Amino acid sequence: MDLSKTVNLPKTDFPMKANLPIVEPNIIDFWNENRIYYKALTKNKANKSRILHDGPPYSNGKIHLGHALNKILKDIVVKYWTLKGFYSPFIPGWDTHGLPNEKAAISTYNIDRKKVSEVYIREKSKEIAVYYSEIQKGQFKRLGVFADWENPYLTLNPSYEAAIIRAFGSLAKNGYIYRELKPVYWCYDCETSLADAEIEYKEKKSPSIVVSFELSTKFKDLDNLYALIWTTTPWTLPANVAIAYKPNSSYVIIEYQGKKYIVAKEAYFNAEQLKFLRDSSVILADFTSDELLNLTAKHPFLNRLSIFVPADYVDLNNGTGLVHTAPGHGYEDYLTGKKYDLPILSPVDKEGKFTEEIDFLKGLHIDKANDVIIEVLEKNGNLLFKSFITHSYPHCWRCHNPVIFRATYQWFLDVEKMKESLINSVNKVEWFPSWGEERMKKMIENRPDWCLSRQRVWGVFIPVLFCKNCGESIVDPDLIENIASIVEKEGSDVWWEKEVKYFIHKSLHCPKCGGSEFEKEKDIFDVWFESAVSHFAVLYNNLGHPCELYLEGADQYRGWFQVSLITSVGIFGYPPYNKVLTHGWVLDQEGRAMHKSLGNVIDPMEIVEEYGADILRLYFASSEYTNDIKMSKNTLNVVVEMYKKIRNTIRFMLGNIHDFDINQWKVNFNDLPVLEKYILSKHYQLIDKVEEYIEKFEFHRYVYEIYDYIVHILSAIYLDVRKDVLYTFDKDSFERRAAQFVILKILKDLLIMLFPVLSFTCEQAWKNIPLHNVSSVSCYLQSWPQKDKITDVEFYQKIVDFYKEVLPIFEKYKNSGLIKTTNESLLKIYTDQNYRFFEENKKLIKELFKVSDVFVFNEQKNDLDYVVIDNNNIFVEFEKSNYHKCERCWNYYPELKDYNIKVCGRCFDVLQKIGMFA
RNA sequence: GGGCCUCUAGCUCAGGUGGUUAGAGCGUACCCCUGAUAAGGGUAAGGUCUCUGGUUCGAGUCCAGAGAGGCCCA
């Protein structure tokens, strides 16, 4: 007789082999067809809301692991909130304007910028941006990310563009916008400014000269003293207004060919540029650079003074240690100029020719001016040394000519003015991890004013007019609102398509000269400004402002977190977020950043196609992601093993409830057997822990907590012990139905709790729960697990502890070869002080240990192995029993019933009931 | 060069306010089971807590330096 046919073995269609790459797309179809994301939203509509505001990725390529990490983490948070009952719509966004896409359009469609209209370039740039946002959308969906994919926000949407314009208007109204000269990269051949990304570095031959500036006052009681500077751009000397020195450093006065000069001491001994005088000069004096503060020197050929200022960037090993400073022609010079309130001179026009500001150079191109200036210096005796050097120098990416720094008018946001309220705002935000607060403060403290304008076409124009008569700029809130409402209907192309008068809705006069003829600003916004106002465009008036959480990579302290804070404080006076959470970078196995050039880049979609999205999701969720995450195929396999364990346990539970119907077999919690109560009490502790960890965004602890529960509690104890009941008891027996009742409860809770991470697997398992036991078609439409009150099981923990302690002792007996399994063994327990406890719980001990019998003796047996319970030694020994093995349940009994087969009394009853002995 | 961060067993992670033999899981080795079976149960071996100094009766835990790596700037 085949007795295995008479046992209730597990049965399920949930396969052991996951086959995620094949299965997951079907589950996505299921989610789409049943609109699960939207149904879950509707379910919680009336509840309290919690909003995670999506930071828009730039739409110029496929996603990388960083994108995948970011969106998966966001997805975990939003899914958890939703299961918890919060109303948490997730509106995904894309950053679409800006240089990278404009460049991509120009190269993809081979555009000659001088020959086509701005609107044409914009049209092509838009094509690229929309194309990649769609690609990324598809990839994010494949990762299992739930979002309102049908209504994302794109910064190129007219409504978003209008919000950008309104945000600018609001900031202007609050007094944070100003216009000022600032040096930018300038190509005099293309007659345009260039962004950093449009610069290529090439070797260039330049003059290298050392020039003297005579001090205008006595220093150290010395007359006729000169400061020496070194430059490779003589043409910038007309714009010189200062000489920078390194603070708190040693400088010297030297005598060379009868004249006295100041240079840095280190430069004097080491700098290549001072070699010519080193052997034929002597040091007269030694002093600290700080004594130079506020001294002045005469410009070598203009009637002007140049002031000494400190600057940390001064290099003491190159040049003279005194740096010629022209704020109109260099970025560092500009910052120094701003700091010390120096004039920003830029006497060079857009073609690279000198303006009338400098008489003797007027109309001369800077290349020719170099020679003229050197001649003048020589004539005046200010040129000490002249040669040529070849060095790396920025060139234009289009025409390949050298570029210059040229000051032009730019729009700024006055960050300096709001710094105090920015710092206060930082204090109001909760930062995860907590050091984020410190980092953000430091960065804000050091941040200069924000240059908002770009000389480009793919973006949103700056809504400003200029008076044709006097050149005054018109920043008028009323006008800006009118422009915004036009853009909201027609899109920002309208600025390039229509005449000025189209935007002026009522009579407008220049506040300065009364003129009524205007022209449009040509510059567009820095794309950072566009994403910086997403809280204004997406949250305000829609989802609620401020929102609960921003969640991005740690690079965004400098980026989105900071610029969003600035615009929010500028517009509203408070931050756009209550909490900020950051993650690290995804690195390779050696902990190095992934770079194409290193060949160590892993494509997230490759992982999805080989392992499945759930594996990637579990990988990120089980990593301490506030640090950098190392990623390799090897470590992926570790997660795969973890996944298998979780999956198999789920499968085993599914298999054991195949004939269970909750409607028929609902069990009162108080009636449950002790083991069931114990397991549930552990389960409720788990629910608490899981909530605690997710609320703190410590996903790895949340995942490990569940995993440990599965390994230590479910698999190792409960399910292992209960196999006997589940398989061999009468299928309708209370013991079996009670076990199934608990297994169903735990299974459902686990699937719900794991859903934020293992969405695909949990959904697939959910579909395999026998139908009448579930109330919704999707796991995601469930609510977070509820806890019941369980009492009176604490004593059982002592038995479990005893079991864990005794296992190594059993192993010893097993290794002696006399016994092989606990089933065939007797357990003898010797204890005087705990005699009653063990005697009373003999049955539970027998069940847990799976031994054939337990004997408890009220005595100490000091020659045996022992374990310590409640500070008392409990002595134990195992012995092979002389009991007989039941052929059906494989347990051992003193006596068996003997028909054709030998079975125990319990199995006999079961067999009789199912008609085996009819 | 500056700001912020990381560094605990082969791997992924735990280790409030400093205090007995530094904990899990995976992996490895070995054993058991063969009615969760390309599964299940168990035992064991793995760590001078990156390094060097210091404070302390006592430091993975505090302080100072160094090294390696990351992000953001210059």
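Chain A is the first sequence line, chain B the second, and so forth, proteins listed ahead of strands; every chain is numbered from 1. Since this is a predicted model, take the numbers as computed values, not measurements.
Between K850(A) atom NZ and G41(B) atom P there is a gap of 9 Å when expressed in whole angstrom units. Spacing between atom CG of N19(A) and atom P of A38(B) amounts to 15 Å, rounded to whole angstrom units. Distance, L807(A) CG to G42(B) P: 7 Å, rounded to whole Å. If you measure from atom CD of E437(A) to atom C1' of G3(B), you get 16 Å, rounded to the nearest angstrom. Look at CG on N823(A): it is 14 Å from C1' on G42(B), rounded to the nearest Å. Residue I646(A) contributes atom CD1, which lies 12 Å from atom P of G40(B) at whole-angstrom precision. Residue D720(A) contributes atom CG, which lies 14 Å from atom C1' of U37(B) at whole-angstrom precision. Atom NZ in K441(A) sits roughly 13 Å away from atom P in C5(B) (whole-Å rounding).
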Nucleotide N/O of nucleotides 20-26 of chain B paired with protein N/O under 3.5 Å:
from, atom 1, to, atom 2, distance (Å)
G25(B), O2', Y707(A), OH, 3.3

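Using a 4.0 Å heavy-atom cutoff across all strands shown, T582(A) reaches no nucleic acid atom at all. In this structure, T821(A) reaches the sugar-phosphate backbone alone: every heavy-atom distance under 4.0 Å involves primed, P, OP1 or OP2 atoms, never a base. Among the atoms of the strands shown, none is found under 4.0 Å from any heavy atom of R722(A). Counting any heavy atom pair closer than 4.0 Å across all strands shown, M16(A) reaches sugar-phosphate atoms only and no base atom.
Salt-bridge annotation for E437(A) and K441(A): present, with a side-chain N of the basic residue lying under 4.0 Å from a carboxylate O of the acidic one.
In this pair, H391(A) and Y393(A) present their aromatic rings tilted. The plane angle is within the 30 to 60° band. Ring pair W435(A)/Y557(A) is tilted by interplanar angle, where 30° to 60° counts as tilted.
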Output field dot_bracket for RNA chain B (Watson-Crick or G-U, both distances under 3.5 Å, | for other-strand pairs) contains (((((((..((((.....[...)))).(((((.......))))).....(((((..]....)))))))))))).

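Minimum heavy-atom separation, L654(A) to T12(A): CB-OG1, 3.9 Å. Closest non-hydrogen pair, S249(A) versus P247(A), comes out as OG-O, 3.0 Å.
A ring pair (Phe, Tyr, Trp, His ring centres under 6.0 Å) with W560(A) holds for exactly one of Y577(A), Y550(A), F529(A); it is Y550(A).
OP1 or OP2 of U12(B) has not a single side-chain nitrogen or oxygen of R701(A) nearer than 4.0 Å. Residue K723(A) places at least one side-chain N or O under 4.0 Å from the OP1 or OP2 atom of A36(B). Contact check, T626(A) against U6(B): no side-chain N or O comes under 4.0 Å of OP1 or OP2.
Shown here are the side-chain contact (heavy atoms from CB on, under 4.5 Å) partners of S250(A), two or more places apart in sequence or in another chain: K265(A), D286(A). Every residue two or more places apart in sequence or in another chain was checked for a salt bridge (charged side-chain N to carboxylate O under 4.0 Å, His left out) with K767(A), and none qualifies. Contacts of A264(A) classified as side-chain contact (heavy atoms from CB on, under 4.5 Å), with partners at least two apart in sequence or in another chain: Y251(A), A267(A), L316(A). With sequence neighbours left out, the ring pair (Phe, Tyr, Trp, His ring centres under 6.0 Å) criterion links F741(A) to F669(A). Residues that satisfy the ring pair (Phe, Tyr, Trp, His ring centres under 6.0 Å) test with Y718(A), not counting sequence neighbours, are absent from this structure. Qualifying side-chain contact (heavy atoms from CB on, under 4.5 Å) partners for S816(A), counting only residues two or more places apart in sequence or in other chains: L818(A). Among residues two or more places apart in sequence or in another chain, the salt bridge (charged side-chain N to carboxylate O under 4.0 Å, His left out) test is passed with D708(A) by none.
Taking the C1' atoms as reference points, G18(B) lies 36 Å from G1(B), given to the whole Å. Taking the C1' atom of each, U50(B) and U6(B) are spaced 11 Å apart, rounded to whole Å. For the P atoms, the distance linking C30(B) with C49(B) amounts to 30 Å, nearest Å. Remark: the separation of the C1' atoms in U21(B) and G35(B) is 42 Å, to the nearest Å. Atom C1' of G27(B) sits at a distance of 25 Å from the matching atom of G69(B), rounded to the whole Å. Taking atom C1' on both nucleotides, C26(B) is separated from G19(B) by 32 Å, rounded to a whole Å. C11(B) sits 15 Å from C51(B) when the P atoms are compared, rounded to a whole Å. The gap from the P atom of U8(B) to that of U48(B) amounts to 13 Å, rounded to the nearest Å.
Each of I710(A) and R651(A) has a nearest nucleotide on RNA chain B; the 5'-most of these lies closest to R651(A). Mapping Y803(A) and T649(A) onto RNA chain B by nearest heavy atom places T649(A) at the nucleotide closer to the 5' end.
In the set C4(B), G35(B), A39(B), G35(B) carries the atom at the smallest distance from any side-chain atom of L9(A). Listed nucleotides G40(B), U34(B), C13(B) differ in distance to N648(A); the shortest reach to its side chain belongs to G40(B). Considering only side-chain atoms of T635(A), the nucleotide from A14(B), C11(B), C5(B) that sits closest is C11(B). Among the nucleotides G35(B), G3(B), U43(B), the one closest to the side chain of K442(A) is G3(B). Distance from the side chain of A716(A) is smallest for G41(B) among the nucleotides U12(B), G41(B), U43(B).
Residue K814(A) places a side-chain atom within donor-acceptor reach of the base of C31(B), judged by atom type and a 3.5 Å distance cut-off alone.
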Per-nucleotide protein contact along nucleotides 64-74 of chain B, 5' to 3', at a 4.0 Å heavy-atom cut-off (B base, S sugar-phosphate only, - neither), is -----SSBSSS

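Among pairs with a residue in residues 632-657 of chain A, none fulfils ring-ring contact (aromatic ring centres under 6.0 Å, His included), at least two apart in sequence or across chains.
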Please list, one pair per line, the donor and acceptor atoms closer than 3.5 Å that link side chains of residues 618-629 of chain A to other protein atoms, with sequence neighbours excluded.
from, atom 1, to, atom 2, distance (Å)
Y619(A), OH, K630(A), O, 2.5
Y619(A), OH, T635(A), OG1, 2.8
S622(A), OG, L618(A), O, 2.7
S622(A), OG, Y619(A), O, 3.3
S623(A), OG, Y619(A), O, 2.7
E624(A), OE1, T626(A), N, 3.4
E624(A), OE1, T626(A), OG1, 2.9
E624(A), OE2, T626(A), OG1, 3.1
E624(A), OE2, N627(A), ND2, 3.4
Y625(A), OH, F697(A), O, 2.7
D628(A), OD1, W585(A), N, 2.8

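Classification of G60(B) as anti follows from a glycosidic angle more than 90° from 0.
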